[in-house]
Amino acid sequence: MTTRPATVGENSLYQQLRGHLANLKLTASAEALPSVLDQAQAEGLSVTATLERLLAIEVDATEARRLAGRLRFASIPTPATLEDFDHDAQSGVDPALLAELGTCRYIETATNVLLIGPPGVGKTHIAAGLARRAAEIGYRTYFTTAADLAARCHRAAIEGRWAYTMRFFAGPTLLVIDELGYLPLPAEAASALFQVVSQRYLKTSIVITTNRGVAAWGDILGDTTVAAAMLDRLLHRSVVINLDGDSYRLRDHHARTDTLRRTTTGNRNPLP
Ligand code: ADP
Ligand code: MG
C-alpha cells in the first residue's frame with residue numbers, strides 16, 4: 001500500500017525530492033523512495049533512520065555494481081571457488097595455507113603465489129578462486145594466461161602500444177598468469193614477461209600456475225639469464241605450492257572405472 005502525500009504542498013515536495021535523487025543519479029534511492037516513506041510511516045521511523053535506510057539502499061546498489069564491474073574486468077575463466085576446492089582429493093595443499101591465502105593478506109605485502117604441478121591437479125581452480133576472492137574483497141584483479149599475455153605483448157610491440165600494454169599489466173593489484181610452460185613461448189615473450197614481473201616487483205602480487213618446476217624455466221623462456229632474474233624477483237617474497245597429487249580428472253575417471261569394474265565382476269571381459 002502506498003501512502004499518498006496528504007497535501008498539495010507535500011505532494012510537490014515529494015516530487016522535488018524524487019527529482020533531487022534522480023538528478024544526483026541516486027537511482028536506487030529514487031526507486032525505493034515510495035516504499036521507504038511507507039515504511040517510515042508504518043514503523044514510525046525518525047528522520048535520521050529514514051534517511052539512513054534510503055541511502056543504505058543506494059550504497060548497497062553501488063557496491064553491487066562495483067563488484068560486478070571488478071568481476072567482469074577480472075575475466076576469470078571458471079566459476080571455481082576456494083570453497084569448492086576439495087582437500088580430501090588434493091593432499092599437496094595445506095588447507096590452513098589456502099585459508100590464509102583466502103584472506104588476501106598476501107596481497108597487502110605484494111607476495112607472489114606459485115602453483116606448480118602436473119595437469120588436472122587444481123592449479124587453475126585455486127588461481128581462479130584466489131582471483132575471485134580478491135575481486136570480491138575489492139582488489140583490482142586480472143586473470144590471463146602466459147600465452148595470451150605473450151600474444152598481447154607481441155601485438156602491442158608491432159602496433160606501437162608497448163608502453164600502454166606494460167602499464168595495463170602493471171595496473172591490477174593482483175595479476176594471475178595461468179599455464180606458464182604449457183606452450184613454448186616465442187623468444188620475445190620472455191622479455192615481456194620479465195618486464196611485467198619486474199615492474200610489479202615488491203609493489204603488487206602475481207599468482208602464476210605452471211606445470212614445470214622452476215629448474216625448467218630456462219627452457220620455457222628460452223633464456224636462462226632472463227629466467228633466473230625473473231625467478232629472483234618472483235620468489236623473493238612468495239608462497240610456493242606444489243600440487244603433486246593425483247589429477248582430479250583422473251581420480252574421477254579412476255573412481256568411475258573402479259565402480260564399473262566392481263559392477264562387472266564375473267564378466268568374462270572385465271574393463272582394463
Ligand atoms: P590444472 O589447472 O592443474 O590443470 P584444474 O584446476 O583445471 O587443473 O582442474 C581440473 C578440473 O578439476 C577443474 O574442473 C577443477 O575445478 C577440478 N578440480 C581439480 N582439483 C580439484 C579439487 N581438489 N577439488 C575440486 N575440484 C577440483
Ligand atoms: Mg590449468
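Whatever order the structure lists ligands and atoms in, that order sets their numbers, starting from 1.
- Atoms of ligand 1 lying under 4.0 Å from at least one heavy atom of P119, given by number and element, are 4 (O).
- Side-chain contact check for H125 and D84: at least one donor-acceptor pair (N or O, by modelled atom type) lies under 3.5 Å.
- Both tests pass for R152 against the ring of F168: distance under 6.0 Å to the centre and angle within 45° of the axis.
- Between R53 and E43 there is a salt bridge, since a side-chain N of the basic residue sits under 4.0 Å from a carboxylate O of the acidic one.
- Of the polar atoms of H87, none of the N or O atoms is found under 3.5 Å from an N or O of ligand 1, judged by distance alone.
- Residue T124: an N/O/S atom is found under 2.8 Å from the Mg ion (ligand 2).
- Contact annotation for T78 and ligand 1: no heavy atom of the residue comes within less than 4.0 Å of the ligand.
- Every atom of ligand 1 is numbered from 1 in the order shown, and the set under 4.0 Å from a heavy atom of Y182 is 4 (O).
- Looking at ligand 1, you won't find any N or O of A80 less than 3.5 Å from one of its N or O atoms.
- Between E108 and R105 there is no salt bridge, since none of the side-chain N atoms of the basic residue sits less than 4.0 Å from a carboxylate O of the acidic one.
- Backbone and side-chain nitrogen or oxygen atoms of G120 are examined, and one is located within less than 3.5 angstrom of a nitrogen or oxygen of ligand 1.
- Per-residue contacts place G122 under 4.0 angstrom from the following atoms of ligand 1 (heavy atoms of the residue considered): 1 (P), 3 (O), 5 (P), 6 (O), 8 (O), 9 (O), 19 (C), 20 (N).
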Steps toward side-chain contact (heavy atoms from CB on, under 4.5 Å) verdict (K203, R200): CA-CA 5 Å; K203 294 200 209 93; R200 298 178 64 86; 5.7 Å; no
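- The line from CG of L193 to CD1 of I208 is 6.5 Å long, rounded to the nearest 0.5 Å.
- Between the side chains of T124 and D178, a donor-acceptor pair is found at a separation under 3.5 Å.
- The closest approach between any non-hydrogen atom of G117 and ligand 1 is not below 4.0 Å.
- Interface of D84 with ligand 1, defined as ligand atoms under 4.0 Å from a residue heavy atom, comprises 24 (N), 25 (C).
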